[in-house]
Trainee: 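Provided herewith is a single structure, encoded as structure tokens, for subsequent inquiry.
Quick caveat: nothing in here was measured; it's all calculated off a predicted structure. When reading the values below, keep in mind they use all heavy atoms of this one structure, side chains included, and skip hydrogens, waters and symmetry mates. So you know, we letter chains A, B, ... as the sequences are listed, proteins then strands, and number each from 1.
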There are 2 protein chains.
Amino acid sequence: MQLLSGAWTPNIIWYLSQGSRRFSELRADIAGVSAKVLSTRLKELEARGILTRTVAPTTPPSVEYELTPLGGELMPAITAIVDVSHRLRVKSREDAAISGESAA
Amino acid sequence: MQLLSGAWTPNIIWYLSQGSRRFSELRADIAGVSAKVLSTRLKELEARGILTRTVAPTTPPSVEYELTPLGGELMPAITAIVDVSHRLRVKSREDAAISGESAA
DNA sequence: CCGTATCCGTTTGGATACTG
DNA sequence: CAGTATCCAAACGGATACGG
């Protein structure tokens with residue numbers, strides 16, 4: 001079950017699901033990820049056929065990453081995770097608000 | 001996004017979704033998990049409100065683990081992952097069969 | 001039966017510096 | 001811009017032994 005293993009992996013797929021992105025765009029999208037880790041994940045995902053890497057021979061070079069159809073098949077799992085984690089965040093805030101109410 | 005982080009975590013939730021289980025039952029269900037890791041995961045999940053731990057004061061002691069409603073909310077994500085990984089396995093076998101066809 | 005304590009190898013991923 | 005190379009601390013998790 002290391003299908004989505006690796007830090008930031010779900011994030012990468014999530015952002016690519018909204019369209020192809022360049023390396024630096026992904027770095028900006030995913031605040032906190034280092035170039036090393038992003039590069040590592042992208043290579044893994046490319047090797048697994050989840051995404052494609054396309055180099056435009058411009059100066060400076062531009063590299064586009066894009067989900068493959070296979071990568072698209074991961075979306076239900078990704079959205080389910082995003083959805084749950086979103087609801088859990090809301091819940092945590094509600095709980096925090098409740099415990100804070102007596103103090104407030 | 002380490003919502004389902006930790007080895008065996010999805011497995012634990014998966015088996016508990018089918019009903020409450022004892023510690024040794026989970027160990028048997030999830031072949032390969034060590035007592036240490038299982039114990040660690042269960043404690044984490046309990047702390048996060050994903051499951052409950054109930055001790056029956058018998059001899060020898062018996063401990064039941066059960067998903068909370070909050071834990072139940074994780075099921076869509078779990079099943080989505082299981083589902084996708086299942087389809088990907090099938091795909092891999094098909095691909096292997098295709099590449100093997102010329103040799104066969 | 002249900003764990004915990006300890007030791008320890010492996011892996012992970014962040015920081016930083018550097019290249020084409 | 002798009003990475004790679006290196007170093008390194010921390011986390012992970014398996015094996016084993018032991019406690020309530």
Side-chain angles (χ1 to χ4, degrees), chain A residues 1-16 18-48 50-68 71 78 81 85, chain B residues 1-16 19-48 50-68 71 74 78 81 85:
Chain A
M1 268 300 227
Q2 27 279 51
L3 182 61
L4 301 175
S5 69
W8 312 112
T9 297
N11 261 288
I12 292 169
I13 298 173
W14 174 255
Y15 282 109
L16 285 182
Q18 298 166 203
S20 76
R21 302 291 272 165
R22 307 232 313 277
F23 188 85
S24 54
E25 289 177 323
L26 283 172
R27 277 198 77 177
D29 289 338
I30 310 169
V33 71
S34 66
K36 174 193 164 187
V37 171
L38 180 55
S39 171
T40 305
R41 292 294 155 263
L42 288 171
K43 261 193 262 182
E44 288 172 3
L45 293 171
E46 187 192 3
R48 286 202 271 152
I50 305 299
L51 54 80
T52 58
R53 179 176 182 275
T54 312
V55 181
T58 57
T59 50
S62 164
V63 183
E64 292 276 342
Y65 293 92
E66 190 168 13
L67 278 194
T68 62
I78 302 283
I81 292 173
S85 77
Chain B
M1 266 301 231
Q2 27 277 56
L3 181 60
L4 301 175
S5 70
W8 313 112
T9 297
N11 261 287
I12 293 169
I13 298 174
W14 174 257
Y15 282 110
L16 284 181
S20 76
R21 302 289 274 165
R22 307 232 316 276
F23 187 85
S24 53
E25 289 177 322
L26 283 173
R27 278 197 77 179
D29 288 339
I30 310 169
V33 71
S34 67
K36 175 193 165 186
V37 172
L38 180 55
S39 171
T40 304
R41 292 296 156 259
L42 288 169
K43 259 193 263 183
E44 288 172 1
L45 293 171
E46 187 191 2
R48 286 202 271 154
I50 305 299
L51 52 81
T52 58
R53 179 176 181 273
T54 314
V55 181
T58 57
T59 49
S62 164
V63 184
E64 293 275 341
Y65 292 92
E66 191 168 12
L67 278 192
T68 62
L74 298 177
I78 302 279
I81 292 172
S85 75

Trainee: Of all the nucleotides listed (dG14(C), dG3(D), dG3(C)), which has the minimum atom distance to the side chain of Val37(A)?
Mentor: dG14(C)
Trainee: Is the distance from OP1 or OP2 of dT12(C) to the nearest side-chain N or O of Trp8(A) less than 4.0 Å?
Mentor: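 It does not, given that no N or O in the side chain of Trp8(A) lies less than 4.0 Å from OP1 or OP2 of dT12(C).
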Trainee: Does some side-chain heavy atom of Leu45(B) sit less than 4.5 Å from a side-chain heavy atom of Tyr65(B)?
Mentor: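 A side-chain contact is absent here, since even the closest heavy-atom pair is not under 4.5 Å.
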Trainee: Grab the NZ-C1' distance between Lys36(A) and dT16(C) for me, whole Å please.
Mentor: 11 Å
Trainee: Using heavy atoms to find the nearest nucleotide of DNA chain D for Pro60(A) and Thr40(A) separately, return the residue whose nucleotide is more 5′.
Mentor: Pro60(A)
Trainee: In whole angstrom, give the distance that lies between atom OH of Tyr65(A) and atom C1' of dG3(D).
Mentor: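 Going from OH in Tyr65(A) over to C1' in dG3(D) covers 8 Å.
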Trainee: Could you give the CZ-to-P distance, from Arg21(B) to dC2(C), as a whole number of Å?
Mentor: 12 Å
Trainee: When all nucleic acid strands are considered with a 4.0 Å heavy-atom cut-off, which category describes Ser62(B): base, sugar-phosphate, or nothing?
Mentor: sugar-phosphate
Trainee: Is the backbone N or O of Ser5(B) less than 3.5 Å from a side-chain atom of Thr9(B), with the two atoms forming a donor-acceptor pair by type?
Mentor: yes
Trainee: Just compare dT4(D), dC1(C), dG14(D) and give me whichever is closest to any side-chain atom of Ala35(A).
Mentor: dT4(D)
Trainee: What is the distance, to the nearest angstrom, from the CD atom on Glu25(A) to the P atom on dC1(D)?
Mentor: 10 Å
Trainee: So which nucleotide from dC2(C), dG3(D), dT4(C) ends up closest to the side chain of Ser39(B)?
Mentor: dT4(C)
Trainee: What is the distance from NZ of Lys43(A) to C1' of dT4(D), rounded to the nearest Å?
Mentor: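 Lys43(A) atom NZ is separated from dT4(D) atom C1' by 7 Å.
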Trainee: Between CG of Asp29(A) and CD of Gln18(A), what distance do you get to the nearest 0.5 Å?
Mentor: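 The CD atom of Gln18(A) is 8.0 Å from CG of Asp29(A), to the nearest 0.5 Å.
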Trainee: Classify Arg27(A) by what it touches in the nucleic acid, base, sugar-phosphate, or nothing, heavy-atom distance under 4.0 Å.
Mentor: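 Here Arg27(A) touches no strand at all.
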Trainee: Round to the nearest Å and state the distance from Leu38(A) atom CG to dT16(C) atom C1'.
Mentor: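 Those two atoms, CG and C1', are 17 Å apart.
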Trainee: Kindly say if Arg22(B) contacts the phosphate of dC1(C), meaning a side-chain N or O under 4.0 Å from OP1 or OP2.
Mentor: no
Trainee: Quick check on dC2(C): is either OP1 or OP2 less than 4.0 Å from any side-chain nitrogen or oxygen of Arg53(B)?
Mentor: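 It does not, given that no N or O in the side chain of Arg53(B) lies less than 4.0 Å from OP1 or OP2 of dC2(C).
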Trainee: Look at Ser34(A) and dA15(C) and indicate whether a side-chain polar atom (N or O) is within less than 4.0 Å of OP1 or OP2.
Mentor: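 For dA15(C), neither OP1 nor OP2 has a side-chain N or O of Ser34(A) closer than 4.0 Å.
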Trainee: Over how many whole Å does the gap from Phe23(A) atom CZ to dT19(C) atom C1' extend?
Mentor: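 Spelled out: CZ on Phe23(A) to C1' on dT19(C) is 14 Å.
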Trainee: Tell me if a side-chain donor or acceptor on Arg48(B) pairs with a main-chain N or O of Leu3(B) at a distance below 3.5 Å.
Mentor: yes
Trainee: Might you point out which heavy atoms bring Ile81(A) and Leu4(A) nearest each other, and give the distance in Å?
Mentor: CD1-CD1, 3.8 Å
